[in-house]
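All values derive from a computational prediction rather than experimental measurement.
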Amino acid sequence: KELAREASIQTYKVGDVNGDDVVNTYDMMLVQSKYLGEDVSLNANAADVNEDGVINTYDAMLIQDIYLSTTSASKRARTLAVRKRKQILE
């Protein structure tokens, strides 16, 4: 009988930094805390939303966008969030 190794691939939901299978404001707060240098436990791969190798406030803003797009938030709230993000980046 031949033994074979199986490779396991870690799966995660982008933006779900605490692994509770929900992207919400708590995930955004964890990313902000990590950026500020606090010792928090999070999934770095899920936190680096734009995959630039750095966990920063831009990732927190992207998590906010994910959260707003998955809730029953109004279209106006999503539009305002996108406008605010663009203003910050300018």
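In this view, A60 and M28, V31, Q32 satisfy the side chain to side chain contact (heavy atoms under 4.5 Å, CB included) rule, not counting sequence neighbours. Scanning for side chain to side chain contact (heavy atoms under 4.5 Å, CB included) contacts around V49 gives V14, D59, L62, I63, I66, with sequence neighbours left out. S33 pairs by the side chain to side chain contact (heavy atoms under 4.5 Å, CB included) definition with E38, V40, not counting sequence neighbours. Partners of N56 under the side-chain hydrogen bond (donor to acceptor under 3.5 Å, both in side chains) rule, at least two apart in sequence or in another chain, do not exist in this structure. Scanning for side-chain hydrogen bond (donor to acceptor under 3.5 Å, both in side chains) contacts around D52 gives N50, with sequence neighbours left out.
We find the CG-CE distance between N24 and M29 to be 9.0 Å, quoted to the nearest 0.5 Å. Here the straight-line distance linking atom CG of D27 with atom CG of L42 works out to 9.0 Å at 0.5 Å rounding.
The shortest distance between side-chain heavy atoms of D48 and V54 does not fall below 4.5 Å.
A pairwise comparison of heavy atoms in A47 and I55 identifies CB-CD1, 3.9 Å as the closest pair. In plain terms, the two heavy atoms of N43 and Y12 that are nearest each other are ND2-CB, 3.6 Å.
No donor-acceptor pair closer than 3.5 Å links the side chain of D16 to the backbone N or O of K13. No donor-acceptor pair under 3.5 Å is formed between the side chain of N18 and the backbone N or O of Y26.
The other residues sharing a hydrophobic cluster with Y35 are L36, where clustering joins ILVMFWY side chains under 4.5 Å apart.
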